[in-house]
Amino acid sequence: MSSGMTNKTLVIITGPTAVGKTALSIRIALELATEIISADARQFYKELQIGTASPTLEEQKLVRHHLINHLSIYDYYNAAMFEQQALEIMNDLFQHSDYVVVTGGSGLYIDTLCHGIDELPDPDPGIRRQVKDLYEREGLTGLRHRLKQVDPQYHSEVDPANHKRIMRALEVFMSTGMPASYLRKNQRKERPFNIKKIVLNRPRQELFASINQRVDQMIRLGLIEEALGFFKERHLNALNTVGYKELYAWLANHWPLHVAVDKIKTNTRRYAKRQLTWFRRYDDARWYHPGDEQAVMDFIQYGNE
RNA sequence: GGUACCAUAGCUCAGUUGGUAGAGCAACGGACUGAAAAUCCGUGUGUCCCUGGUUCGAUUCCGGGUGGUACCA
């Protein structure tokens, strides 16, 4: 713990997509007289507005939002960069407030903010390219074989079908000369502030209805124009995103529009499910319905419901 | 009203020469430290419409009912 910040509290408001995080976090931030930092790995991108359900200008007028629209889809970004930026902003905000609200549904980013991430080099674009070439030439089997030679430890632990994990481990080895299993300490950093973790959830049917409704709303607001405006850039990671990728497939495959819209809904539901799986393993989180604002406030201010 | 066909998983359907059933999609569970709205792994969840009959045994065969579809009136 560092000097005199233990009365500071980071309030995390997370939950599956479309559960109602934005609206509640704004009300909470207003009550706590503080600002919001986003932990949403797609709202970072200024070009993505409709499809990411970014906070509107009105909402941003109510409460200042940090780390939204601060990147372009052409930029590289990762959880470690997020950690550093978010901690800097928090440090500033804690000068004037005892609370900071972080809201968003990207579990990896939230965890990184709560307990850090091991110090590893940022990937070198050249090496990343090389590893990708290896994958294309030799396939998953080739990657696995190479990993076994340089890092048998990680090879025995990693999900053998997940090419991204294996590629990353190879990339780490190629850029540091050290096996990823050695560099991955999985160490939790102590933070100089308290953390109150709130997961919002609703009955599955209610959540799915909300998702379906919101996708229809996005289409009405112009998601198709927003997405197709970047059709030529669709290979970018930032556009490998629910709501965008289905529209690119729609254009390429000449499906009727309703097919693409249904796929967006389905993939959004699955995304929500994956998020819930991630949040369920939190042993320090309180779960609330997004309508239970008073209970959430009580928990934040008094420590229980 | 008559005739024909259909009724099996949430949906679309397959199947059982009579031994209580399986595909696709959807759904559900899980993993996850620099691409994370990404990436990956796992799981059939079922009064086989109802009701009599035949049979050791019926989702399967036969009769009746109910619902649906098509055609004829």
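Lettering follows sequence order; numbering is per chain, from 1. The structure presented is a predicted model; accordingly, all values stated were derived computationally and were not measured. These values consider heavy atoms only, across backbone and side chains, with no hydrogens, waters or symmetry-generated copies.
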* To the side chain of A:Arg270, which of B:A36, B:G34, B:A27 is closest? -> B:A27
* Asked: When you check the glycosidic angle of B:G18, does it come out syn, meaning within 90° of 0, or anti?
  -> anti
* To do: When you get a sec, tell me which of B:G29, B:A36, B:C40 is the closest nucleotide to the side chain of A:Arg280?
  => B:G29
* Structure fact -> Contacts satisfying salt bridge (charged side-chain N to carboxylate O under 4.0 Å, His left out) that involve residues 210-222 of chain A (not counting sequence neighbours) are A:Asp216-A:Lys265
* Side-chain donor or acceptor of A:Arg204 under 3.5 Å from a matching atom on the base of B:A27? -> no
* To do: Would you kindly compare A:Ala80 and A:Lys164 by the position of their nearest RNA chain B nucleotide and give the one closer to the 5′ end?
  => A:Ala80
* To do: Return the nearest nucleotide to the side chain of A:Arg128; candidates are B:C40, B:A35, B:A27.
  => B:A35
* To do: Using atom NZ of A:Lys245 as one end and atom P of B:A38 as the other, report the distance to the nearest whole Å.
  => 4 Å
* Among the candidates B:A36, B:G34, B:C40, find the nucleotide nearest to the side-chain atoms of A:Ala161. => B:C40
* With sequence neighbours left out, which residue pairs that include part of residues 61-76 of chain A fulfil the salt bridge (charged side-chain N to carboxylate O under 4.0 Å, His left out) condition? -> none
* Extract the stems that RNA chain B is part of, considering only consecutive pairing runs of at least three Watson-Crick or G-U wobble pairs, both distances under 3.5 Å. => B:1-7 with B:66-72, B:10-13 with B:22-25, B:27-31 with B:39-43, B:49-53 with B:61-65
Going by atom type alone, with no hydrogens or angles, which donor-acceptor pairs under 3.5 Å involve a side-chain atom of residues 102-113 of chain A and a protein atom two or more places apart or on another chain?
| residue | atom | partner | partner atom | Å |
| --- | --- | --- | --- | --- |
| A:Thr103 | OG1 | A:Ile13 | O | 3.0 |
| A:Ser106 | OG | A:Ala41 | N | 2.9 |
| A:Asp111 | OD1 | A:Tyr282 | OH | 2.7 |
| A:Asp111 | OD2 | A:Trp278 | NE1 | 3.0 |
| A:Thr112 | OG1 | A:Leu108 | O | 2.8 |

* Inspect the contact between A:Lys21 and A:Glu59 and indicate whether a charged nitrogen and a carboxylate oxygen are less than 4.0 angstrom apart. => no
* CZ of A:Phe279 versus P of B:G30: gap in Å, rounded? -> 13 Å
* Rounded to whole angstroms, how far apart are CG on A:Asn267 and P on B:A38? -> 7 Å
* Pi-cation contact, A:Phe44 with A:Lys46 (under 6.0 Å, within 45°) -> no
* **B:C5 versus B:A9 - spacing of their C1' atoms, nearest Å** => 23 Å
* Asked: Can you tell me how far C1' of B:G34 sits from CG of A:Leu108, to the nearest Å?
  -> 8 Å
* To do: Taking only the side-chain heavy atoms of A:Val242 (C-beta and beyond), determine which of B:G34, B:A27, B:A38 contains the nearest atom.
  => B:A38
* Can you list, by residue number, the residues of residues 133-156 of chain A that have a non-hydrogen atom closer than 4.0 angstrom to RNA chain B? -> none
* For A:Arg42, answer base if it contacts any base atom (sugar-phosphate contacts may also be present), sugar-phosphate if it contacts only those atoms, and nothing otherwise; contact means non-hydrogen atoms under 4.0 Å. => base
* **Nucleic acid contacts - residues 208-239 of chain A versus RNA chain B, non-hydrogen atoms under 4.0 Å** => A:Phe208, A:Asn237
* To do: Consider the side chain of A:Lys273, meaning its heavy atoms from C-beta on, and name the nucleotide among B:U39, B:C28, B:A35 that approaches it most closely.
  => B:C28
* A:Thr52 side chain, from C-beta outward: closest of B:A37, B:A38, B:G34 -> B:A37
